[in-house]
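A quick write-up on the structure given underneath.
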Amino acid sequence: MIKIRSVRQIHAYRLLTIVATLLPIGTTATEIAASTALGVVRYSAGMVSIDFDVPRYGPLCVSVDEGDDLEFAWEEYHNLHQLPNEASFRDCDFSEAVALAPEGNPMPMGYQVEVTEEVREQYFACSKICASNGHKVKVCVGGSIGQANGCTTECKPDRTIDVRTTIGYVPVGRVCRPKNADGYAIFTGVDTPESCRRRCDKDFPRCGAWEFENYALDDKECELHERSVVSYNETLAMGDCQILTNSSENDDSYRCCWIAKDVVEAQTGITMGDADALSGSSSPFGWFKILAISIPTIVTLFIC
């Protein structure tokens, strides 16, 4: 039986328990080591642990999934407050803060906070040394791995941690490009588009796009494309995605290249959440350019 005596031992122990589960869904060993060095560990589904001694040397920004909760743990004599908005966070203004753990005592076994999904940015700080040391944490909720948000602009890059597990994709064109057969992995007889997507998820960060084709010339073929190779503009030029799913036998046809949202954002300079990018048939992302859609199919694919 392991006897855990400190926050660092807790994080080290939890790291051992998460490596096997996080690596398959796209978190590299380097990324795990970087986040753990800053005291941030995803140690179970829906729970992110933050070593609250670390931000005494400067603010931390942490991006988490929707549905995640937080656990702050610390060995030193801090308190924990939740601040109401960005202005109070930047100014260390505690006049309207909620005191979560006001005593200022060590809490090595952690204080859990339920994250409100409707509030996309949430703020926490120690009132004792917030102004002098920048002892505070900004938490950004939702989005996919690598997607820009308020946390990517608030803190220094080496104090910004992304522990999200969601990878979002955009249906861009009929086949992935810049050229034919430039995928790095091809699988035939793949059951569904969802199975193809999961293969790309598991090979993050190398995989930046997946292409599924099921029609006369390609029988359920899944092709994975590197994020450094796939081209949004050249894929878009290949024509509309073709997703025809009818109930009659032998009447299914599917040809579509789905590119990771962060790759699309990087290549176009347009944030996926921009209203202009998602409005009407002039959308540059091809969201409305799919020829025909089975509602259950597209709902399944868009759940990220």
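The structure presented is a predicted model; accordingly, all values stated were derived computationally and were not measured.
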Would you say the side-chain atoms of [X] pair up with the backbone N or O of [Y], donor to acceptor, closer than 3.5 Å?
{"X": "Arg177", "Y": "Met238", "value": "no"}
{"X": "Glu223", "Y": "Gly183", "value": "yes"}
{"X": "Thr160", "Y": "Lys156", "value": "yes"}
{"X": "Asn79", "Y": "Ser127", "value": "yes"}
{"X": "Thr116", "Y": "Val119", "value": "no"}
{"X": "Lys136", "Y": "Phe89", "value": "yes"}
{"X": "Asp182", "Y": "Lys179", "value": "yes"}
{"X": "Asp93", "Y": "Glu96", "value": "no"}

inquiry  = Let's go through Leu70 and Gln112 carefully: what are the C-alpha distance in whole Å and the side-chain angles of both, what is the deciding distance for side-chain contact (heavy atoms from CB on, under 4.5 Å) to 0.1 Å, and is it a yes or a no?
reply    = CA-CA 6 Å; Leu70 306 174; Gln112 293 190 4; over 6 Å; no

So which atom in [X] and which in [Y] form the shortest heavy-atom distance, rounded to 0.1 Å?
{"X": "Val190", "Y": "Arg199", "value": "CG2-NE, 4.0 Å"}
{"X": "Gln267", "Y": "Val230", "value": "NE2-O, 2.9 Å"}
{"X": "Gly143", "Y": "Arg120", "value": "N-NH2, 4.3 Å"}
{"X": "Asp65", "Y": "Val141", "value": "O-CG1, 4.0 Å"}
{"X": "Thr235", "Y": "Ser231", "value": "OG1-O, 2.6 Å"}
{"X": "Pro84", "Y": "Ser88", "value": "CD-OG, 3.2 Å"}

Under 2.5 Å between SG of Cys241 and Cys256 = yes

message = For the pair Cys61/Cys151, is the SG to SG distance below 2.5 Å?
response = no

Once rounded to the nearest 0.5 Å, what's the spacing between atom [atom1] of [X] and atom [atom2] of [Y]?
{"X": "Lys138", "Y": "Asn149", "atom1": "NZ", "atom2": "CG", "result": "8.0 Å"}
{"X": "Glu76", "Y": "Asp51", "atom1": "CD", "atom2": "CG", "result": "8.5 Å"}
{"X": "Lys220", "Y": "Cys196", "atom1": "NZ", "atom2": "SG", "result": "13.0 Å"}
{"X": "Ile145", "Y": "Gln147", "atom1": "CD1", "atom2": "CD", "result": "11.0 Å"}

key: Ionic contact status for Arg164 with Asp68, cut-off 4.0 Å   = no

query = Are any of the side-chain nitrogens in Glu86 or Arg90 under 4.0 Å away from the carboxylate oxygens of its partner?
reply = yes

Hydrophobic cluster identity match, [X] and [Y], side-chain contacts under 4.5 Å:
{"X": "Leu83", "Y": "Ile50", "result": "no"}
{"X": "Val62", "Y": "Val54", "result": "yes"}
{"X": "Ile161", "Y": "Tyr57", "result": "no"}
{"X": "Leu80", "Y": "Leu38", "result": "yes"}
{"X": "Phe187", "Y": "Trp258", "result": "yes"}

Are any of the side-chain heavy atoms of [X] and [Y] separated by less than 4.5 Å?
{"X": "His78", "Y": "Ile129", "answer": "yes"}
{"X": "Val139", "Y": "Val137", "answer": "yes"}
{"X": "Arg206", "Y": "Arg227", "answer": "no"}
{"X": "Cys126", "Y": "Trp74", "answer": "no"}
{"X": "Asp69", "Y": "Val48", "answer": "no"}
{"X": "His81", "Y": "Leu100", "answer": "no"}
{"X": "Val175", "Y": "Glu213", "answer": "yes"}
{"X": "Ile259", "Y": "Cys257", "answer": "yes"}

Residue pair Tyr254, Tyr215: steps toward the ring pair (Phe, Tyr, Trp, His ring centres under 6.0 Å) verdict = CA-CA 6 Å; Tyr254 189 116; Tyr215 73 116; over 10 Å; no

query = Under the 6.0 Å and 45° cation-pi test, does Arg255 pair with Phe212?
reply = no

query = Is the Lys NZ or Arg CZ of Arg197 less than 6.0 Å from the centre of Tyr169's six-membered ring, within 45° of the axis?
reply = no

message = Is there a side-chain hydrogen bond (donor to acceptor under 3.5 Å, both in side chains) between Ser253 and Gln242? Walk through the geometry before answering.
response = CA-CA 7 Å; Ser253 181; Gln242 180 178 328; 2.6 Å; yes

query = Are more than 12 heavy atoms from other residues, nucleotides or ligands located less than 6.0 Å from atom OH of Tyr184?
reply = yes

request  = Would you check, one step at a time, whether the test side-chain hydrogen bond (donor to acceptor under 3.5 Å, both in side chains) holds for Asp262 with Ser144?
outcome  = CA-CA 8 Å; Asp262 64 298; Ser144 54; 5.6 Å; no

key: Working for side-chain contact (heavy atoms from CB on, under 4.5 Å), residues Arg42 and Thr165   = CA-CA 10 Å; Arg42 174 181 293 283; Thr165 60; 3.6 Å; yes

ask   = Do the ring centers of His135 and Phe52 come within less than 6.0 Å of each other?
value = yes

task = Check the pair Glu154 / Leu60 against side-chain contact (heavy atoms from CB on, under 4.5 Å), numbers first and verdict last.
result = CA-CA 9 Å; Glu154 182 75 36; Leu60 290 181; over 6 Å; no

task = Determine the interplanar angle of the Phe124 and Phe72 rings, folded into 0 to 90°, and report it as parallel if under 30°, tilted if 30 to 60°, perpendicular if over 60°.
result = tilted

